[in-house]
Amino acid sequence: MKMNTYFHPFVIPFSLGVLFLFATLIFKYVRWYLGLTSDEKLLIRKSLFTVKSLKAVKECFTECLLHLKIYKVNLRLGYMHMSLAFGWFLLILVGQLETATYLANDFVPLYVHVFFRYFFPIAPEGVVHNIDYAPLMDALLLIILISVGLAMTKRLKSKLLGMKKTTRHTLGDRLALSSLWLIFPARLLAESATCGAHGGGSFLTSSVGDLMANICPVDMIELPLWWLYSIVLGIFMVSLPFSRYLHIFAEIPHIFLKNYGVRAKNEKSTVDDFQIAACSRCGICIDPCQMQSSAGVNNMQSVYFLRDCRQGTLEYKTADNCLMCGRCEQRCPVGIDLNTIRLNRRQGTLLRLGTNPYSYANQLDTSSGSGKVGYFAGCMTSLSPRILHSMDRIFESARENVWNADRDGGICCGRPLMLAGDIDGARKMMQMNTELFRKHQIETLVTSCPICLKVFKEEYNLQGIRVLHHSEYILELISQGRLSVKNNGNLVTYHDPCELGRGSGIYAAPREVIEAVASLREADEHSEHSLCCGSSLANTVIGTPQAYKIASDAAACFESTGAQTLITSCPLCKKAFAKVSQIPVKDLSELVCESLICK
Ligand code: SF4
Ligand code: SF4
């Protein structure tokens, strides 16, 4: 009877769930695609039949199924994700092969594959097959059941899975998670009951089936258990688009877009929507966040920010109470452009200052000196006389003629306005500065401020002008023999400013300069894992005591190296650490200045 019709009413909840899921996904994909800019659509069309698509397929395999990046950060968590995702994928794949073998490739509805063991507890008469799939299917089911056990453990005791904190759930998440946790135990019970009643199965389902047959009437509970399995599958499918599990289907297009070079930018596009939905809420971004570990703020981390974006419940405090330090972005296994998306979401929360608040700056040129090298100290450097003095000495020693762009007052680089979400205001400042640089015909632009450096490199159109951070410039002078320095042998430690390290990828130059004049001892968290000083201009909400706590916790990490001096390459970080550090804090330029050999 079962084999002739391949249908039973219990398959309806699952089938309706699948229909709902795919209709919702198609609607979302189409809406997101239509919201891309024409340039982005063109880029997709051009990249579709190139090697980039193959790379994307490979990344889908390594990240959506194997979760290799999570493995690198947290072995136990990586295993949990991999065994659930890859195990389920294999269960579906091997199940398809099994059905194809038994039915000689006849087309059957999807539910026949899913509820195969109900329709075919044992091989139908006349079917000859060389492979016994049952042990493999049982082994895969067992692997998945273990990973579900790990997921439950993570929820109850996150530390056992190597996480200090785990994410809080929404209603959709709870529904999806509860049904997901029930799917595989329900499958085990349903398949085992069928094995107990009709035979078949392998080491797992057959043994559990025999056990069930000894303690209860399996032929009576068999059908209710298949109903249960179908219902929990149906609930999972319906709740998936409203839960964190939407990432299963959003991560794939996100990976393709990433490989095609379609990334989140400071412009109106639905790329952000793809990325927001691709967040798996793995929670890896929580532990590195100093707003959580030092300042005790637990509601603005990227996982919560993206969750609120997805639900349309984002409040300005969640968007703005962030240092934009990039520690979470650097760890995110999905590769979401967290800082850019946050910046884009800030634009709706900023208080505007009127229609043209920067008109006073038009035609402003208070620059001094002349030369092919322009020095843009930056606002914070201008408030740090020792850095200014050190840079003057360095230019002088190298006999460099320098045009000082902002020594006697000038226009801000624009990045603080960008970070606060006033993109239009920032663009005006960028335009004014660009005209100034062009007017003075400089060929190299040096800055002491990593915040200015990043915006000059990424947002200005300075074609024909080399943009260097002073660490790179000083290294160049030393390498060319234009700057004579001696190594004092002092033991120092180095702090990578967020905007210089994670923001601009400059880690080696400051270290090479330090090695030329002193001895370097690294802190535990350095380079791409470097700690933020807490004084980021990007956080417009944080209170002074919280910023101090972040700075003092980070300073303690540097002090524990036993170094005599803390060196940094950012005037803002220098000020932040100088207030709390037990050891002297200096800018890299000061360290070099002290080591100059005057000719
Ligand atoms: S933002 Fe990245 S690290 Fe954070 S929860 Fe989402 S996927 Fe995980
Ligand atoms: S950018 Fe820094 S402060 Fe902001 S959420 Fe990420 S880790 Fe926390």
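In each ligand, atom 1 is the first atom listed, and ligand 1 is the first ligand listed.
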Donor on one side chain, acceptor on other, Ser569 and Tyr494, under 3.5 Å: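 Note: Ser569 and Tyr494 side chains meet the donor-acceptor criterion.
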Does a side chain donor of either His495 or Thr568 reach within less than 3.5 Å of an acceptor in the other side chain?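 Checked: His495/Thr568 side chains pair up, N/O donor to acceptor below 3.5 Å.
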Under 4.0 Å to a heavy atom of [X] - the qualifying atoms of ligand 1, by number:
{"X": "Pro333", "answer": "3 (S)"}
{"X": "Ser280", "answer": "7 (S)"}
{"X": "Leu306", "answer": "1 (S)"}
{"X": "Val334", "answer": "7 (S)"}
{"X": "Val303", "answer": "5 (S)"}

Measure up the Phe20 and Phe242 rings against each other and bin them: parallel (under 30°), tilted (30 to 60°), perpendicular (over 60°).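 Rings of Phe20 and Phe242: tilted, as their planes differ by 30° to 60°.
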Report the protein N/O/S neighbours of atom 6 (Fe) of ligand 2 that fall below 2.8 Å; do not count waters.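 Correct list: Cys328 SG.
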Does ligand 2 have any atom sitting under 4.0 Å from a heavy atom of Met300?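 Yes.
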Test salt bridge (Lys or Arg N to Asp or Glu O under 4.0 Å) applied to [X] - qualifying residues, sequence neighbours left out:
{"X": "Arg511", "answer": "Asp496, Glu522"}
{"X": "Glu63", "answer": "none"}
{"X": "Asp587", "answer": "none"}

I'd like to check which ligand 2 atoms, numbered from 1 as shown, lie under 4.0 Å from a non-hydrogen atom of Arg342.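 Listed by number with element: 5 (S).
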Output, in order, the C-alpha distance, side-chain angles, deciding distance and verdict of salt bridge (charged side-chain N to carboxylate O under 4.0 Å, His left out) for Arg415 and Glu499. CA-CA 11 Å; Arg415 182 140 168 92; Glu499 300 268 318; 2.8 Å; yes
List the steps and the verdict of side-chain hydrogen bond (donor to acceptor under 3.5 Å, both in side chains) for Ser530 and Tyr507. CA-CA 10 Å; Ser530 176; Tyr507 299 108; over 6 Å; no
So, is the end of the Arg346 side chain (NZ or CZ) under 6.0 Å from the ring centre of Tyr316 and within 45° of the ring's axis?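 Here Arg346 fails the 6.0 Å and 45° test against Tyr316.
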Of the choices Cys332, Cys282, Gly283, which has the non-hydrogen atom that lies closest to atom 8 (Fe) of ligand 1?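 Residue with the shortest heavy-atom distance to the ligand atom: Cys282.
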For a side chain to side chain contact (heavy atoms under 4.5 Å, CB included) with Ser471, tell me which candidate from Pro450, Pro510, Pro497, Ser448 qualifies.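 So, applying the side chain to side chain contact (heavy atoms under 4.5 Å, CB included) to Ser471 and each of Pro450, Pro510, Pro497, Ser448, only Pro510 qualifies.
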Nearest protein heavy atom to atom 6 (Fe) of ligand 1, by residue and atom, and its distance?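 Of the protein heavy atoms, Cys279 SG, 2.4 Å lies nearest.
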